[in-house]
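Quantities reported herein were computed from a predicted structural model and do not represent experimental measurements. Here is the naming used below: chain letters follow the sequence lines, and residue numbers restart at 1 for every chain.
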Protein chains: 2
Amino acid sequence: MAHSHDMPTDLTRNQELVLGTLTASSGPLSAYDILDRLRTEGLRAPLQVYRALEKLVDRGLAHRLESLNAFVACADAHCHRKGLIAFAICEGCGKVDEFADAVIESRLGAWAHAEGFKVERTTMEIRGRCAQCLKAA
Amino acid sequence: MAHSHDMPTDLTRNQELVLGTLTASSGPLSAYDILDRLRTEGLRAPLQVYRALEKLVDRGLAHRLESLNAFVACADAHCHRKGLIAFAICEGCGKVDEFADAVIESRLGAWAHAEGFKVERTTMEIRGRCAQCLKAA
DNA sequence: AAATGATATGTTATGTTATTACGCTTGCGG
DNA sequence: CCGCAAGCGTAATAACATAACATATCATTT
Ligand SMILES: [Zn+2]
Ligand SMILES: [Zn+2]
Ligand SMILES: [Zn+2]
Ligand SMILES: [Zn+2]
């Protein structure tokens with residue numbers, strides 16, 4: 001079974017560094033977190049990171065978590081380039097779980113259709129505690 | 001029919017000013033937008049606004065839109081103090097529509113139950129174009 | 001090879017959003 | 001009156017994000 005994080009071969013150096021940092025992290029990172037981890041690689045300015053993140057997010061290789069102002073590597077590259085993705089974010093350990101639900105997507109689509117609203121992008125983020133953290137407590 | 005925005009009587013002065021500003025606005029406002037509109041009332045510091053917003057959000061009188069870093073008055077005070085609320089945000093005119101969907105809520109609950117994840121808070125925000133803006137274009 | 005255009009990069013400065021730290025005030029129950 | 005909780009005011013700072021401008025890299029066309 002192939003690893004989900006095989007890195008595409010057509011990334012630029014900065015994109016590759018940023019995606020590598022996200023992939024190596026156990027949880028979401030802010031752009032400035034990423035920058036700090038890449039200073040040894042020569043990155044100096046926030047914009048270098050933000051530009052790489054923009055491309056990665058456009059390509060679905062990374063996601064932005066709006067409620068955290070942070071980013072994660074896509075956990076599941078083969079299936080969600082399109083469509084609605086939900087994130088479950090554990091406040092305890094920072095772990096982020098990524099999932100899709102066709103029923104939710106279709107309910108949203110139905111609402112939008114009824115209202116005449118054209119959906120461009122959907123953010124869905126659940127905050128709480130994961131099973132492991134609940135058990136530990 | 002009663003107006004949905006009858007203001008509670010037990011707000012502090014700052015809370016009342018902030019909620020009034022949000023209610024008077026046709027779209028979401030950032031904390032700094034609010035501050036600017038309240039300088040004539042004597043407010044000077046971001047914290048005065050953030051503190052008021054925190055209480056208002058806790059009480060369900062206002063909502064934070066994570067994907068915008070901005071706030072709106074609750075459009076529908078009687079029904080969503082609890083439960084999942086979704087927001088549809090028009091990129092054209094800034095209008096925000098607030099709605100609840102029991103099916104979505106139960107799907108999320110089912111996912112969480114299956115994973116052993118304890119949900120504390122959910123953010124759901126749709127970005128796109130409202131019917132009116134689509135027609136105008 | 002030279003010119004062009006598209007994409008990526010580097011750098012500085014600045015803008016925007018949010019919080020920390022500290023101290024004063026007000027109202028309220030003991 | 002005292003002690004405590006909630007609210008308030010102010011200053012400073014932290015955290016997140018973009019604007020503006022210059023340069024570099026690489027493929028395409030002439
Ligand atoms: Zn993904
Ligand atoms: Zn956890
Ligand atoms: Zn509401
Ligand atoms: Zn609109």
For B:Phe71 together with B:His63, are the ring centres under 6.0 Å from each other?
no

To the nearest Å, how far apart are B:Asp58 CG and D:dG7 C1'?
15 Å

Taking the inter-plane angle between the rings of A:Tyr50 and A:Tyr32 on a 0 to 90° scale, is it parallel (under 30°), tilted (30 to 60°) or perpendicular (over 60°)?
perpendicular

What pair of heavy atoms forms the shortest contact from A:Val72 to A:Pro28, and how long is it?
CG1-CA, 3.6 Å

Holding to salt bridge (charged side-chain N to carboxylate O under 4.0 Å, His left out), I want the full list of residues that pass it with B:Arg107, two or more places apart in sequence or in another chain.
A:Asp101

Please give, in whole Å, the distance from D:dG7 P to B:Leu17 CG?
15 Å

Applying salt bridge (charged side-chain N to carboxylate O under 4.0 Å, His left out), which residue pairs with at least one partner in residues 47-57 of chain B are found, sequence neighbours left out?
none

The complete set of salt bridge (charged side-chain N to carboxylate O under 4.0 Å, His left out) pairs with one or both residues in residues 27-40 of chain B, sequence neighbours excluded, reads B:Asp36-B:Arg39

Taking protein heavy atoms under 4.0 Å as touching, what does nucleotides 10-28 of chain D look like 5' to 3' if B marks base contact, S marks sugar-phosphate-only contact and - marks none?
B-----BBBBB--------

In the 5' to 3' direction, the nucleotides of DNA chain C bounding the stretch that comes under 4.0 Å of a heavy atom in chain B are C:dT17 to C:dA21

Measure from the side-chain N and O atoms of B:Ser25 to the backbone N and O of B:Thr21, and report whether any donor-acceptor pair falls under 3.5 Å.
no

Check residues 116-127 of chain A and write down every donor-acceptor pair under 3.5 Å in which the side-chain atom is one partner and the other belongs to a residue at least two apart or another chain.
unit_1	atom_1	unit_2	atom_2	d
A:Glu125	OE1	A:Glu66	N	3.4
A:Glu125	OE1	A:Ser67	N	2.8
A:Glu125	OE1	A:Ser67	OG	2.5
A:Glu125	OE2	A:Glu66	N	2.7
A:Arg127	NE	A:Glu91	OE1	3.3
A:Arg127	NH1	A:Ser67	O	3.2
A:Arg127	NH1	A:Ser67	OG	3.1
A:Arg127	NH2	A:Glu91	OE1	2.9

Determine: side-chain N/O of B:Lys55 to OP1/OP2 of D:dA6, distance under 4.0 Å, yes or no.
no

